[in-house]
S.K.: 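Here it is, the structure, as C-alpha cells.
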Amino acid sequence: VVKAEGAGVGVGINPDIRKTEEKVVDSVVVSELSKPLTPYCRCWRSGTFPLCDGSHVKHNKATGDNVGPLLLKK
Ligand code: FES
C-alpha cells in the first residue's frame, strides 16, 4: 500500500461502514425508488447507510461540519 504524503494522511472519512470492503460502492436505479424523495447519506455516519438516518445532525453539532444527504427524486 502506497500512502500519500502531506496533510490528511491516515485520516479517513469513513469511521466504520463496511470496512472489510476495499471500496464502498452503491448503485441506485432512480426509477425504482420506493419513495418520491429518498435521502442518501454523505456523512458516513448513518446506521442505515447508504440511506440517511439523520445522523448528520449529531455529527454537524459535534464537529462544526455542515454535511447533509443527497436527495434523489423519483
Ligand atoms: Fe449521513 Fe444524513 S446520516 S447525511
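All ligand and atom numbering here is 1-based and tracks the order in the structure. The structure displayed is predicted, hence computed values, not measured ones.
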S.K.: Salt bridge or not between D26 and R18? Use side-chain N to carboxylate O under 4.0 Å.
M.R.: yes
S.K.: Test: ring-ring contact (aromatic ring centres under 6.0 Å, His included). Region: residues 12-50. Which pairs qualify, not counting sequence neighbours?
M.R.: W44-F49
S.K.: Give the minimum heavy-atom separation between H56 and P69, together with the two atoms involved.
M.R.: CE1-CD, 3.8 Å
S.K.: Is the number of heavy atoms from other residues, nucleotides or ligands under 6.0 Å of K58 NZ greater than 12?
M.R.: no
S.K.: Which residues and atoms, protein N, O or S only, are under 2.8 Å from atom 1 (Fe) of ligand 1?
M.R.: C41 SG, C43 SG
S.K.: Search all heavy atoms of S46 against all heavy atoms of C41 and return the closest pair with its distance.
M.R.: CB-SG, 3.7 Å
S.K.: Using modelled atom types only, decide if a donor and an acceptor are shared between the side chain of K19 and the backbone of N14 within a distance under 3.5 Å.
M.R.: yes
